[in-house]
Protein chains: 2
Amino acid sequence: MRRILRVVVDEREKSSEVPRLLSSMGLLVEYRVLPVGDYVVSPRCAVERKAARDFLQSIYVGRLFDQARRLSEAYDVPVMVVEGPLYELIDEMENPRSAWGALAAVTIGFGVRLVMTGSQKQTADLVYALALREHRGERRGPYVHHPRARELWEQQIRSASTLPGVGPKLADRLLRRFGSLRKLFTASVAEVAMVEGVGRARAEQIAKFLDAPYSPEGVGEAQKKLSISLLDEGRKD
Amino acid sequence: MRRILRVVVDEREKSSEVPRLLSSMGLLVEYRVLPVGDYVVSPRCAVERKAARDFLQSIYVGRLFDQARRLSEAYDVPVMVVEGPLYELIDEMENPRSAWGALAAVTIGFGVRLVMTGSQKQTADLVYALALREHRGERRGPYVHHPRARELWEQQIRSASTLPGVGPKLADRLLRRFGSLRKLFTASVAEVAMVEGVGRARAEQIAKFLDAPYSPEGVGEAQKKLSISLLDEGRKD
DNA sequence: ATAGCCGGGTGGTGA
DNA sequence: TCACCACCCGGCTAT
């Protein structure tokens with residue numbers, strides 16, 4: 001049996017259909033007065049819902065950037081949903097480019113993830129998808145995208161995960177087995193291969209990686225630029 | 001005098017109106033065969049343009065996540081533009097939620113910035129706004145990036161950078177000095193401290209990190225309190 | 001010789 | 001997300 005998905009909704013959103021749709025989908029909807037955001041989907045992810053017209057208006061009042069800032073300050077994964085006929089409204093504008101510029105500023109400048117939807121139903125579907133995703137802790141993307149590791153053990157896992165074929169799960173097992181990063185990094189192929197989830201092939205791959213000589217110039221790609229700029233020219237032997 | 005905005009466009013995009021619109025706006029359009037992305041707006045920012053129908057289809061072929069991954073690996077600011085009547089198409093689908101889930105995965109999992117537009121004209125306006133925005137930052141570097149698998153030396157630098165107080169530059173120096181990751185990880189405090197940019201304090205910090213015992217659930221009571229307070233879910237009374 | 005600038009590099013913070 | 005700041009390191013310099 002799987003746990004109920006929970007989402008915290010701002011009181012003011014009661015006037016929209018979205019919360020009702022969410023609870024009809026099986027989500028547990030809980031109302032609060034939220035200082036920022038409209039739908040809190042997980043401790044790190046909140047959604048701000050804005051009607052297309054309101055979105056465009058708030059560009060000129062400067063309110064948009066304020067909200068984007070507050071949202072990204074409060075949550076690691078800030079999402080802004082623009083709901084409604086945005087395209088038509090932008091086409092009616094005198095200078096549509098400023099609207100696209102604002103869009104770019106919000107998503108690139110503040111790191112807010114934008115999604116446009118066509119209706120409240122679609123907004124609800126999106127929020128549901130977000131809740132599902134956040135709840136599962138689903139990692140579709142590469143693990144390097146992990147936000148930030150604060151605790152020591154998280155940093156250790158992150159470090160061990162840089163080994164080829166080693167993700168967070170395996171890193172945990174390896175660290176449990178060896179006790180510290182140093183011991184892991186100095187372990188022999190046979191010792192590493194003994195850990196569950198690591199076979200001979202993977203163990204050898206890891207050893208090969210650790211022992212690989214460092215040659216940034218390598219096979220002469222355009223990457224040379226980096227290594228050249230990194231070279232220190234102040235050798236005075 | 002301000003410099004002309006330049007954008008590199010994939011050859012295949014010639015068949016669309018967008019490049020023509022861009023150059024009529026005053027952008028310098030340069031055609032190339034791009035390995036990834038359709039519009040390269042700056043050394044760090046590229047845009048992949050997808051028709052709404054194509055976008056939805058590529059979800060089911062699995063091609064979407066592949067493209068998202070390649071885009072985000074090659075550029076720091078990957079942008080995906082979904083052009084056309086997405087809302088209507090999604091409403092016609094049997095399970096629209098999977099579409100929103102895919103959208104969420106692309107933008108949250110892969111860090112791709114999504115923007116929906118209603119027409120080629122709007123896409124052009126967006127690309128223009130991006131070019132303007134990126135131009136202000138004035139970064140230089142190669143416009144075309146390659147999606148090829150990360151080079152060995154890059155992975156080695158990434159691995160060494162997980163050490164505390166060590167970024168890409170220091171990682172390079174450390175690896176040059178020690179020759180391989182294994183040798184770096186087994187080096188003594190004194191040896192590490194000899195490298196330029198690493199003093200006694202930093203060397204000791206690194207050693208402490210490597211030798212720290214792994215205790216995922218936290219051993220210290222004080223530590224426990226901290227993590228509990230951090231994990232405390234959105235109680236905002 | 002050495003104590004104090006200064007420029008590069010890192011990582012945390014607030015917008 | 002990203003730009004800015006504060007700290008750490010090591011070399012230079014002026015005594």
Side-chain angles (χ1 to χ4, degrees), chain A residues 35-37 44-46 48 62-80 101-115 141 144-152 154-155 158-159 226 229-237, chain B residues 41-46 71-72 75-80 106-115 130 133-139 157-158 160-177 189-209 226 230:
Chain A
V36 56
R44 63 160 202 173
C45 177
E48 169 91 21
R63 203 175 63 217
L64 179 64
F65 298 117
D66 242 33
Q67 285 177 322
R69 180 176 48 75
R70 294 179 40 162
L71 196 62
S72 59
E73 270 176 27
Y75 294 92
D76 287 336
V77 184
V79 179
M80 191 175 283
L103 238 52
V106 165
T107 189
I108 294 173
F110 292 95
V112 171
R113 313 310 167 98
L114 275 177
V115 185
V144 270
H145 277 258
H146 284 192
R148 53 188 169 227
R150 295 175 164 106
E151 305 289 325
L152 173 63
E154 285 176 303
Q155 293 174 351
R158 174 186 268 210
S159 184
L226 177 61
S229 72
L230 286 172
L231 274 169
D232 66 327
E233 50 249 50
R235 299 295 295 264
K236 39 193 75 169
D237 301 305
Chain B
V41 145
S42 76
R44 61 161 201 172
C45 176
L71 196 62
S72 63
Y75 293 91
D76 286 338
V77 183
V79 178
M80 192 175 281
V106 165
T107 190
I108 293 172
F110 292 95
V112 171
R113 319 309 170 90
L114 275 176
V115 185
L130 287 172
R133 199 194 144 73
E134 288 295 302
H135 179 70
R136 281 200 281 268
E138 200 61 62
R139 299 147 191 268
I157 285 190
R158 206 163 285 214
S161 299
T162 61
L163 298 175
V166 178
K169 301 289 198 304
L170 254 190
D172 177 74
R173 270 180 241 150
L174 288 164
L175 283 164
R176 281 173 193 274
R177 165 70 182 78
V189 176
E191 286 169 322
V192 174
M194 255 184 266
V195 174
E196 186 188 325
V198 186
R200 179 87 179 254
R202 218 162 248 183
E204 275 168 8
Q205 198 185 7
I206 291 170
K208 201 173 147 195
F209 177 67
L226 178 61
L230 283 174

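Lettering of chains follows the sequences in order, A, B, ..., and the numbering in each one begins at 1. Remember, predicted model here, so these are calculated numbers, not experimental data.
- Within 4.0 Å (heavy atoms only), B:Val77 reaches sugar-phosphate atoms of the nucleic acid but no base atom.
- Nucleic acid contact class of B:Ala193 (heavy atoms, under 4.0 Å, all strands): sugar-phosphate only.
- Annotation: salt bridge (Lys or Arg N to Asp or Glu O under 4.0 Å) contacts of B:Glu191 (sequence neighbours excluded): none.
- Checking D:dC2, C:dA15, C:dT10 against the side-chain heavy atoms of A:Arg69 singles out C:dA15 as nearest.
- Listed by chain and number, the residues in a side chain to side chain contact (heavy atoms under 4.5 Å, CB included) with B:Ala193 are B:Ala203 (sequence neighbours excluded).
- Following rounding to the nearest Å, B:Phe209 (CZ) and C:dT10 (P) show an atom-to-atom distance of 16 Å.
- Residues meeting the side chain to side chain contact (heavy atoms under 4.5 Å, CB included) test with A:Arg70, sequence neighbours left out: A:Val36.
- Evaluation of the salt bridge (Lys or Arg N to Asp or Glu O under 4.0 Å) rule for B:Asp76 yields no partner, not counting sequence neighbours.
- Taking atom CG of residue A:Asp76 and atom C1' of nucleotide C:dG14, one finds them 14 Å apart after rounding to whole Å.
- Here the side chain of B:Ser72 pairs no donor or acceptor atom with the backbone of B:Val112 at under 3.5 angstrom.
- Note: CZ (B:Arg136) to P (D:dA3) measures 12 Å, nearest angstrom.
- Listed by chain and number, the residues in a salt bridge (Lys or Arg N to Asp or Glu O under 4.0 Å) with B:Arg202 amount to none (sequence neighbours excluded).
- Within 4.0 Å (heavy atoms only), A:Arg113 reaches no atom of the nucleic acid at all.
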Taking only N/O atoms, report every protein-nucleotides 5-9 of chain D pair under 3.5 Å with atom names and distance.
{"from": "D:dC9", "atom 1": "OP1", "to": "B:Arg202", "atom 2": "N", "distance (Å)": "2.9"}
{"from": "D:dC9", "atom 1": "O3'", "to": "B:Gly199", "atom 2": "N", "distance (Å)": "3.2"}

